[in-house]
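Quick note on labels: first sequence line is chain A, next is B, and so on, each numbered from 1. The model shown is predicted, which means the values in this text are computed figures rather than measured ones.
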Amino acid sequence: MQHKKSKRYYALEMFPYPSGSALHMGHFFNFAPADTHARFKKMCGYDVFHPMGFDAFGLPAENHALKTDTHPHDNTLVNMEKFRAQLDELGGMYDWDYTLTSCFPEYYKWTQWLFLELFNAGLAYQKESQVNWCNSCATVIANEQVVSGECERCSTSIIKKPMKQWFFKITEFAEELLEGLDRIDWPERTKSAQRNWIGKSEGAEVTFTGMEGPDITVFTTRIDTLGGATFIALAPEHPLIKDDPSPSVRKYIAKSLEKTELERQENKEKTGVKTDWLVVQNPMTGEQIPIFVADYVLMGYGTGAVMGVPAHDECDFEFAKKYNLEIRKVIKTDEDKDCITEDGILINSGKYDGLASAQAREKMTSDLGKSRITYRLRDWSVSRQRYWGAPIPIIHCDKCGAIPAEIPVILPYLKDFKPKGAPPLANDKEFLNATCPKCKGDAHRDVETLDTFVCSSWYFLRYPYANRDDVPFEKSVQPVDVYVGGAEHSVMHLLYARFVVKALYKMGHIGFDEPFKRMIHQGMILAPDGQKMAKSKGNTVSPDGYIKEFGSDVVRLYMLFGFNYVDGGPWSDGALRSTAKFIDRVKRVFDNKSDTKPSPEIEHIRATTIKAVREDLDSFSFNTAVARCMEFVNALMAEKQVPAEAVIDLIKLLAPMIPVTAEKLLPGVHDMPFPVANEKFLTKAEAEIVVQVNSKITDRITIPTNATQEQVEKLAGVTGAQKVIYIAGKLINFLVWPLPPIVGKSKEKSEGRPSEK
RNA sequence: GGGUUUGUGGCGGAAUGGCAGACGCGCUGGUCUUAGGAACCAGUGAGCAAUCGUGGAGGUUCGAGUCCUCUCAAACCCACCA
């Protein structure tokens, strides 16, 4: 019975975060169905690798420890044990020999290795910049972790703060990150979210010649509106005005920089101040236009300077109105009645007069500017001023600068890890003081820790080598075949992981450049009232009680059957009981089996069920897979004698879905091959098809499956058709044209509509 | 404002352009039970009917829940991005 193990199949779920409580319904809905898929693949003969670990570093664990006056290390160990027990209870088929825990030195040594590899390749660098600071978390957070101006974790308003920070150069991979999306089997919405986040836009740089001051280069996607540029606006952070002597300018800059991200966003009214000495010349019209400093211009995008074209840009329009600047139209828009192209035609623009905007852009870019592509993506800030994370493996030496430390740099077990202005590790003198590896002089360690997303950006490479202490992984490591996890990671974890893999690929450490070939996001289980489950609402439902009451198979099967996996939906006790009922029926039909030969009907449904279940389990369409099995059971129960061989196939089909029950009924089932449909029985000898005349159903007839179209036409008994459409096994449609009094839909409509109107 | 996705019975949800509502919940009736439950059997989109029905309006097609255009609604992502 043992089949040949062949192709390796790497099935992975996002590893859980062992914070405060136990695994919740969301975890179960992620893990149980994904486990069904992995078990199915195993029975199909794949050498399935299905590991599980713990994403143990991070803020929630640390904050929880602070609140409860415990230590995150101790809590994590306790929680992990609880998680592990729950995962076993769930009946998960995991390769526990290859587990990993991101807060253990055996793991984070290699996270530090990754950091140093990026550092040595110039992809990790330090820079002083305006960073996102969360006062409540007392740490810097990455762009991706700022959600509409607030901290993703605690919803505190984010402020900007100048700070020297470590960054990963994810922007260098913007184009690759974009391009790779076309090659992977991921949900469209996730790809779209990433494209959105990367935010590529193609445009041009145009330089305005300075008359009294320096030249100013702006970025624009609409160079065709250049003739309508009546002012220039610079971001408050722009280097050209950094040392501007004008008091009003200095005051304005200082005020803008104080504002938080959120305040800037909320303050929709444009403000700005005109500079005294800068006047620049429009390269197209030759005229001189004023320069403003305005905080609606972002330093981080384009060149930090924009040309103000009030007639064709909403923001510029608002600004121009407020400061009484000229509004000059240079493009015909939809409102202009005589507009003939979709794209607009250039007017009043000298030698470009009359060109469509797209053409004009191309021509003007080569004449007056330089084409340039910009991205919204920012480099990933990875320093955290907190305790519970992997220490940044860098030693700072006054003479030699930032020097790689010997790894692992062990995170000390601090009794007091409360953030008090400085990062907690700074208080540990033993940790802080170090010797420079280069000059052997006095130096100090970097006291910040790495963003947890660094830990999770590469863990899937580590699993197969979890027990190796000489290497993080080897070049022969394989990408994940199917990755299952929440859609909330669309732009953080999933983007970071892709970046890290691309970087490692470029450095020659691995042989692929996309980590997850296929991505599935499970939906969300809602409370029975259709609301999101929340402790504050008191509507949470916990899986543990149900498992205790009904057994894990019932809960698992309900998760498979009760929802479309990708959509999720509200929890229902009633529907859960129905799956318990179904398992009882399966047991009963199994007990009633006898050594009879299956009837042709049973052979047929057996074959079609096997085929359908195979397809459904492969495509994560669990609900229909269960439905097919239910039909199969119904058919078997209707038999006087239940043929054993068919029932055994049923148990094999169900084994990935109800592993405990299946193993009990058929010991060793999980090592047996998944049933293969007998082609012979897939089609019946006879089939019922629909007869249509002029696309209306007039009859249903039974025909031999192998009948030719001529034979079917004869059997249908319709004559005089001008055209016949025959879909084998489905329908035959006789078009008797022109239409007799009983008319088709279109005629009816054209007659009926005018009189109704 | 830009992008993506989703709109199907009382409910969860099925339908490679080919019989809409598979499968299940719930409900109704029945069998069996002292009774309740369980189990089993039958029915269950709407309408007395002809027929009508997949958010709405058009279109393509012999044929549209499915493809195209517009529109409405919801969810998510991005958003003074030049």
Sticking with atom P, work out how far B/rU33 lies from B/rG26, rounded to a whole angstrom.
-> 24 Å
Find out whether A/R222 and A/M307 are in side-chain contact, i.e. whether some heavy atom of one side chain is under 4.5 Å from a heavy atom of the other.
-> no
Interface residues of residues 554-562 of chain A with RNA chain B (non-hydrogen, below 4.0 angstrom) | A/F561, A/G562
Apply the test salt bridge (Lys or Arg N to Asp or Glu O under 4.0 Å) to residues A/E318 and A/K321: give CA-CA distance (whole Å), side-chain angles for both, the deciding distance (0.1 Å), then the verdict.
-> CA-CA 5 Å; A/E318 261 180 69; A/K321 258 177 88 177; over 6 Å; no
Letter per nucleotide, 5' to 3', of nucleotides 72-78 of chain B [B base touched, S only sugar-phosphate touched, - untouched; heavy atoms, 4.0 Å] | -----BS
Rounded to the nearest 0.5 angstrom, the CZ-CE distance for A/F29 and A/M524 is 11.0 Å
Closest to the side chain of A/N733, out of B/rG18, B/rC80, B/rG24, is B/rG18
Are more than 12 heavy atoms from other residues, nucleotides or ligands located less than 6.0 Å from atom CD of A/E152?
-> yes
N-glycosidic conformation, B/rG55 - syn within 90 degrees of 0, else anti | anti
Output the single nucleotide from B/rA22, B/rC19, B/rA82 whose closest atom is nearest the side chain of A/T220.
-> B/rA82
Give a yes/no on whether any side-chain N or O of A/N634 is located under 4.0 angstrom from OP1 or OP2 of B/rC23.
-> no
With a 4.5 Å heavy-atom cut-off, do A/K587 and A/I583 have their side chains touching?
-> yes
Which nucleotide, B/rA82, B/rC62, B/rA22, lies nearest any side-chain atom of A/E631?
-> B/rA22
Could you tell me whether A/K370 atom NZ has more than 12 heavy atoms of other residues or ligands within 6.0 Å of it?
-> no
Restricting to pairs with a member in residues 190-202 of chain A, which pass salt bridge (Lys or Arg N to Asp or Glu O under 4.0 Å), not counting sequence neighbours?
-> A/E175-A/K200, A/D182-A/R195, A/E188-A/R195
When you measure from the side chain of A/I697, which nucleotide among B/rG18, B/rC19, B/rC80 comes out closest?
-> B/rC19
May I ask you to test the A/P236-A/K255 pair for a side-chain heavy-atom distance under 4.5 Å?
-> no
Is there a residue in residues 301-309 of chain A whose heavy atoms reach under 4.0 Å of RNA chain B, and which residues are they?
-> A/Y301, A/V306
Please work out the stems of RNA chain B from pairs that are Watson-Crick or G-U wobble with both distances under 3.5 Å, keeping only runs of three or more consecutive pairs.
-> B:1-7 with B:72-78, B:10-12 with B:23-25, B:26-31 with B:39-44, B:55-59 with B:67-71
Does the side chain of A/T374 pick up a donor-acceptor pair with the side chain of A/Y301 at under 3.5 Å?
-> yes
Are A/F319 and A/F231 close enough that their ring centres sit under 6.0 Å apart?
-> yes
Taking the side chain of A/E188 as heavy atoms from C-beta outward, which of B/rU5, B/rA14, B/rC40 is closest to it?
-> B/rU5
Out of B/rC19, B/rC81, B/rG18, whichever nucleotide has its closest atom nearest the side chain of A/I727 | B/rG18
Hey, could you give me the CD/OG distance between A/Q145 and A/S381, rounded to the nearest 0.5 Å?
-> 7.5 Å
Near RNA chain B, under 4.0 Å by heavy atom, which residues of residues 571-582 of chain A?
-> A/S578, A/K581
Quick one: sort the A/F516 and A/H493 rings into parallel, tilted or perpendicular, breaks at 30° and 60°.
-> tilted
So what does A/R585 hit on the nucleic acid, given a heavy-atom distance under 4.0 Å: a base, only sugar-phosphate, or nothing?
-> sugar-phosphate
